[in-house]
**Student:** 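Got a structure for you, written out below as structure tokens; questions coming shortly.
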Amino acid sequence: MIKIGLLEEALNLARANSLWPMTFGLACCAIEMMAAGAARFDLDRFGAGVFRPSPRQCDLMIVAGTISKKMAPAVVRLWEQMPAPKWVIAMGNCAISGGPFYYPTQYAIVPGADLIIPVDVYVPGCPPRPEGLIEGILMLEEKITKRGRLRKFRDVK
Amino acid sequence: MLEPLEEKTYILNLGPQHPSTHGVLRVVLEMEGEFIVKADPDIGYGHRGHEHMAENRNYLQFLPNMGRVDYLHALAFNHGYCMAVEKLIGLEVPERAEFIRVITAELNRIASHLLWVGAYLLDLGAFTPFLYCFDDRENILDLLDRITGSRLTYCFYRFGGVPQDIDQEFIDGCRAFAKRLRRRWKDYDNLVTKNIIFIERTKGIGVITKEQCRLYGLTGPMARGSGIPYDIRKSEPYSAYPLFDFEIPIGENGDIMDRYLVRMREMEQSLRIIEQALDKLPNGPIMAEKVPKRIKPAAGEVYAAVETARGEFGCYIVSQGDVKPYRIKLRVPSFANLSILPEISRDTLVADFVAILGSIDVVVPEIDR
Amino acid sequence: MLSENIKKALGPLGLEKVAPGDYAKTGYHLEVAAAPNQMPAVAQVMRDQGCFLESLTALHFREHFTLVYHFAHYEELCRTVVKAVLPLGQQAPTISHIYPGANWYEREVYDLFGIRFTGHPDLRRILLPFEADFHPLLKQFEEEAEKSETKADA
Amino acid sequence: MTIFGSDLFRMIVGLIGVIALVSVNALFLIWMERKVAAHMQLRPGPMEVGWHGSIQTVADALKLLGKELITPAEVDRPVYLLAPIVIFLPVLVSFLVIPFAPNLIIRDMNVGVLLILAFAALTVLAILMAGWASNNKYSAFGAIRSVAQNVAYEIPLLITVMSVILMVGSFRLTDIVAAQERYWFILIQPLAFILYITCATAETNRAPFDLPEAESELVAGFHTEYSGMRFALFFLAEYTNMFIVSALATIFFLGGWRGPFLPGWAWFFIKVYAMIFLIMWFRWTFPRVRFDQLITFAWKILIPLAFANLLLTAFLMKIF
């Protein structure tokens, strides 16, 4: 039993350090997602820079932008095409709650990615800065491994 | 297994999630072998109902939306909307504010073009220029971040001026950036413009004639690449643009290469405008004196156009004398620019199709609004 | 002058109104009012004059729609607005055979307002999902929604 | 003869060694690729997992091991499952005849060159199987392109190699290295070297010739539908293929294990990795060519040039 636990832990450690996101941008936040992968912020440092175009080879779906009602079935389908274990980051206010576009007579958008797929980490902002996305990914690592790199920053008083 | 093909053609579905559709565009391709018989773009995957929103908010509340219609050249959209509302309520903008608008909008234009160059090379399979462009772009974002407070979806202009003045550090930063970008041209030339594969992929592909431009209402680099010197900054001068000396680069053949070159040269012209504006920057207020607290224009309508990185953005506002606009129509450039896609992608290969689609420089949420 | 030429060319069509606009205030050089079924002829004139279709949209009023066509020119600064009043429930003739670019604009107007264009080659929804059963920019739609909104608030 | 000296023992030890080498090499190459790419692109690349991200690929491999294996509905099951294995076999076989050092060779065959080239052609079969069986149009595209591309590029590759073999007079790889005692063949066959590198890049489906998996056109090409370890096998095969073509380039043109001071195997690996670096450099610099340009380039430029080179070599051999 202990050995299986160890194996699980090693696997989780590997998973947390190799989160391959999908090339999947919906709107404004996608640009910041690209910026996070580009030279200055470089998601690749954390092993999360391998953007795979095919959902079959991804671990992480970054819902970057507003999900319109027309797009929602495609988002669900893409999520279903990803192999388990898989995670979702809702990036930006639109993916969290509809953001600035949600109001009572809004007809076109899905107010929140969590209405259609399970979301692990929410990164607020309109759009979040790349640093925010990186923190979101580190949070996700923390969630996967139950220990994290972020703690040392958070404990600083 | 694939079913045996009884018909000669078959359907290939490109998108809505596909690496080269820049977001959420979907194109249904009818193919014969690797050749495209018919391309049918299916837009609307980024439809957020901006125009419907406009009817439910007052003029000021709708302002932040403009940064989200076209997030790559957000400041031009800010500019167009502010201009339209200012015309509607008859507001004069102080000169210094106009200068600041021009400087920031041109910086934003360079950022947009840089992103296009990077993303376009990514479409063609070259990854490295993408990161080079982003590296340069970050410098602009730093500058704009300083005065606007955000990196991407700016909401910086107000009716009657700008809320924040620029300081010496920003001016120095702009000059340093201009110097840096000019040095980088050589890198781009060597890496991209003179690259034989790039030339082979872009010369003579996706040719648009002048007549086609007119029939489809193309604007911006798409029209200029075909040799039409149509640039709102010159042909319908607005803001402080008449005060500056700059050229409109145009192409000859209307192919992808020309559109690329037009955009590259436009960046140089934008640098020129920025430098002139910094030299001539007048002193004075940055906000009009009498800006009404509650904007309630008389019944009427107005159409104001600005030149964005993708072409003409026209803001058409109809007012019925209410605090809310009766109707706002956003004439977005990419909508018309994309509508020519079925025409020019007929009988091309998939690879060319990707190249043509990329050269249009679409921003899908802008098309869908 | 282009606007003079357009005026002259539009003369024989017997339009309701052809008048110079107040550019400083509205951004128009020429304001034209026409009946919807005169639109193909007007568009043909504009095309012959070398103008391009800048935008096409509609306004929804209580009794009628107004189709608004903006034309501009690449070389000369001359924006022409053509307005066509369309009673509710009627169809307008398409101009997409004259300006292919109008194809998508008309689809958009159909999508958002439910105005049908006769002779349009491919009148489908463009922005909303194909299965949508409403036209979002109709003002009635909004009133109903406001009612439901007040209900939701209460 | 003791059991330790027997051929069978040598084969078994060799195979184990090869499998170990293949996996370690692929892990290293993927890390190297990411680092090379990153440094060319003004960024650090993997940094946080191990020293400078050195165990990043181990984490990736472990993760891929733990991933769900999706078999989509309506695939051609047997072919779909077989393809990742088929792509891996020829790669292993090729290692048998590569001389890493004077005595470090598993099986010194007199048809070594032919064996490698023959088995390298099997790769395309696996890609075809994968693309066809996936029941996905993008995959089928990738597969069809791959076949056309490999047929087109195999020919100039073989002809180029022939001109070297003509000079040596043997298909044995060790003989070819031995023949370069005084000078490397790159000096007298520069055209052949350039042709070989071009064809080899195309053979291994690397950018600018990576059309079977052209990301911006075909999503992920022939392996669009493969997940987890099956996808990892394709990846592994790609990088091992790169190693093999680079090793062949080293043997044919760069004098194999020959070099001063260092032991033979060290020189061999240095040269191979230098070649691999060159191929990586291509990938991160060039845009992708179009498919018809690729084929035109092979049939109209590369093949005539390769033939001319071969004829010239034969002519000069006849004279001197």
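Please read all numbers here as calculations on a predicted model, not as lab measurements. So you know, we letter chains A, B, ... as the sequences are listed, proteins then strands, and number each from 1.
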**Student:** If you count every heavy atom of other residues, nucleotides or ligands that lies below 6.0 Å from B:Glu95 atom CD, does the total exceed 12?
**Tutor:**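 Not buried by this count: 12 neighbours or fewer within 6.0 Å.
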
**Student:** Distance from C:Leu127 atom CG to B:Ile43 atom CD1, nearest 0.5 Å?
**Tutor:**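 Reported to 0.5 Å precision, the distance equals 5.0 Å.
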
**Student:** Taking C:Tyr99's backbone N and O only, do any of them form a donor-acceptor pair with B:Tyr216's side chain (distance below 3.5 Å, no angle check)?
**Tutor:**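 Flag not set: sc B:Tyr216 to bb C:Tyr99 has no pair under 3.5 Å.
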
**Student:** Surrounding CD of B:Gln320 (heavy atoms of other residues, nucleotides or ligands, distance under 6.0 Å), is the total greater than 12?
**Tutor:**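 Yes, the 6.0 Å shell around CD holds more than 12 heavy atoms from other groups.
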
**Student:** Test your reading of the model: is there a side-chain donor-acceptor pair from B:Tyr326 to the backbone of C:His60, 3.5 Å cut-off?
**Tutor:**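 Between the backbone of C:His60 and the side chain of B:Tyr326 there is a qualifying donor-acceptor contact (under 3.5 Å).
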
**Student:** Any chance the side chains of B:Arg327 and C:Thr57 put a donor and an acceptor closer than 3.5 Å?
**Tutor:**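 Result is yes, a qualifying pair exists.
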
**Student:** Taking the side chain as C-beta and beyond, is there a heavy-atom pair between B:Glu51 and C:Leu112 under 4.5 Å?
**Tutor:**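 The answer is yes, as the side chains (C-beta and beyond) meet within the 4.5 Å cut-off.
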
**Student:** Please determine, among B:Ile340, B:Val318, B:Ile367, B:Leu338, the option with the most heavy-atom pairs under 4.5 Å with chain C.
**Tutor:**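 Highest number of pairs under 4.5 Å: B:Leu338.
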
**Student:** Tell me if the NZ atom of C:Lys83 is crowded by more than 12 foreign heavy atoms within 6.0 Å.
**Tutor:**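 Buried by this count: over 12 neighbours within 6.0 Å.
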
**Student:** At a 4.5 Å cut-off on heavy atoms, which part of B:Ile228 comes close to chain C: side chain, backbone, both, or neither?
**Tutor:**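 Looking at B:Ile228, just its side chain touches chain C.
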
**Student:** Show the nearest heavy-atom pair for residues B:His52 and C:Pro136, with the distance to one decimal.
**Tutor:**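 Shortest heavy-atom separation between B:His52 and C:Pro136 comes out as CD2-O, 3.3 Å.
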
**Student:** Test side chain to side chain contact (heavy atoms under 4.5 Å, CB included) on C:Lys25 and B:Leu88 and set out the steps.
**Tutor:** CA-CA 7 Å; C:Lys25 232 178 142 198; B:Leu88 200 60; over 6 Å; no

**Student:** Check whether C:Ala43 gets within reach of chain B through its side chain, its backbone, both or neither, counting any heavy atom under 4.5 Å.
**Tutor:**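 Contact with chain B involves no heavy atom of C:Ala43 at all.
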
**Student:** Under the side chain to side chain contact (heavy atoms under 4.5 Å, CB included) criterion, do C:His73 and B:Tyr230 qualify, and how do the steps go?
**Tutor:** CA-CA 9 Å; C:His73 197 274; B:Tyr230 182 67; over 6 Å; no

**Student:** Between chain B and each of C:Pro129, C:Ala102, C:Pro100, count heavy-atom pairs under 4.5 Å; write down the option with the most.
**Tutor:**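 Counting heavy-atom pairs under 4.5 Å, the top option is C:Pro100.
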
**Student:** Kindly indicate, with the supporting measurements, whether the criterion side-chain hydrogen bond (donor to acceptor under 3.5 Å, both in side chains) is fulfilled by C:Tyr28 and B:Glu301.
**Tutor:** CA-CA 10 Å; C:Tyr28 303 138; B:Glu301 61 177 71; 2.9 Å; yes

**Student:** Can you tell me which portion of C:Arg125 sits under 4.5 Å from chain B's heavy atoms? Options are side chain, backbone, both or neither.
**Tutor:**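 Interface part for C:Arg125: neither.
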
**Student:** Pick whichever of B:Ala336, B:Ala305, B:Cys213, B:Gly46 has the most heavy-atom pairs under 4.5 Å with chain C.
**Tutor:**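 That would be B:Cys213.
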
**Student:** Check whether B:Arg214 reaches the backbone of C:Arg47 with its side chain - one donor and one acceptor, N or O, closer than 3.5 Å.
**Tutor:**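 Pair found, side chain donor or acceptor close to backbone of C:Arg47.
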
**Student:** Pick one of side chain, backbone, both or neither for C:Leu53, based on which atoms fall under 4.5 Å of a heavy atom in chain B.
**Tutor:**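 C:Leu53 touches chain B through backbone heavy atoms alone.
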
**Student:** Flag the pair C:Phe52 / B:Leu218 as yes when at least one side-chain heavy-atom distance between them is below 4.5 Å, and no otherwise.
**Tutor:**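 Sidechains of B:Leu218 and C:Phe52: no contact.
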
**Student:** Are more than 12 heavy atoms, taken from residues, nucleotides or ligands other than B:Glu252, located less than 6.0 Å from that residue's CD atom?
**Tutor:**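 Counting neighbours around CD of B:Glu252, 12 or fewer heavy atoms of other residues, nucleotides or ligands fall under 6.0 Å, so no.
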
**Student:** Only pairs of heavy atoms separated by less than 4.5 Å count here; which of B:Gln212, B:Lys87, B:Lys329 has the most with chain C?
**Tutor:**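 Most pairs with chain C among the choices: B:Lys329.
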
**Student:** At a 4.5 Å cut-off on heavy atoms, which part of B:Asp40 comes close to chain C: side chain, backbone, both, or neither?
**Tutor:**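 The side chain, not the backbone.
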
**Student:** Please report the shortest heavy-atom distance between C:Gly101 and B:Ser339, naming the atom on each side.
**Tutor:**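 Closest heavy-atom pair between C:Gly101 and B:Ser339: CA-OG, 4.5 Å.
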
**Student:** Nearest 0.5 Å, what's the OG-CZ distance between C:Ser55 and B:Phe335?
**Tutor:**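 C:Ser55 atom OG to B:Phe335 atom CZ measures 10.0 Å (nearest 0.5 Å).
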
**Student:** Considering all heavy atoms of both residues, which atom of C:Ile98 and which atom of B:Leu215 are nearest to each other, and what is their separation?
**Tutor:**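 Heavy atoms of C:Ile98 and B:Leu215 come nearest at O-CD2, 3.9 Å.
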
**Student:** Stepwise, does the side chain to side chain contact (heavy atoms under 4.5 Å, CB included) test hold for B:Tyr316 with C:Glu54?
**Tutor:** CA-CA 11 Å; B:Tyr316 174 57; C:Glu54 216 168 15; over 6 Å; no

**Student:** Heavy-atom cut-off 4.5 Å, strictly under: side chain, backbone, both or neither for C:Phe130 against chain B?
**Tutor:**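 For C:Phe130, the side chain is the part near chain B, not the backbone.
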
**Student:** Are side-chain heavy atoms of B:Ser235 and C:Leu77 found at a separation under 4.5 Å?
**Tutor:**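 No, every pair of side-chain atoms sits at 4.5 Å or beyond.
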
**Student:** Which atom pair, heavy atoms only, marks the closest approach of C:Tyr74 to B:Gly217?
**Tutor:**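 Taking C:Tyr74 first and B:Gly217 second, the nearest heavy atoms are OH-C, 4.0 Å.
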
**Student:** Taking C:Gly27, C:Ala72, C:Gly21, C:Gly50 one by one, which has the highest count of heavy-atom pairs under 4.5 Å against chain B?
**Tutor:**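 Looking at each of C:Gly27, C:Ala72, C:Gly21, C:Gly50 in turn, C:Gly50 comes out on top.
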
**Student:** Counting heavy-atom pairs under 4.5 Å to chain B, which of C:Glu75, C:His70, C:Glu76 comes out on top?
**Tutor:**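 Highest number of heavy-atom pairs under 4.5 Å: C:His70.
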
**Student:** Among C:Tyr105, C:Trp104, C:Phe71, which has the most heavy-atom pairs under 4.5 Å with chain B?
**Tutor:**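 The answer is C:Trp104.
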
**Student:** Does this structure show an ion pair linking B:Asp42 with C:Arg124, if we count only N-O contacts that are shorter than 4.0 Å?
**Tutor:**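 Judged by the 4.0 Å cut-off on N to carboxylate O distance, B:Asp42 and C:Arg124 do not form a salt bridge.
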
**Student:** Of the backbone (N, CA, C, O) and the side chain (C-beta and beyond), which part of C:Glu108 lies under 4.5 Å from a heavy atom of chain B, both, or neither?
**Tutor:**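 For C:Glu108, the contact with chain B is made by the side chain alone.
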
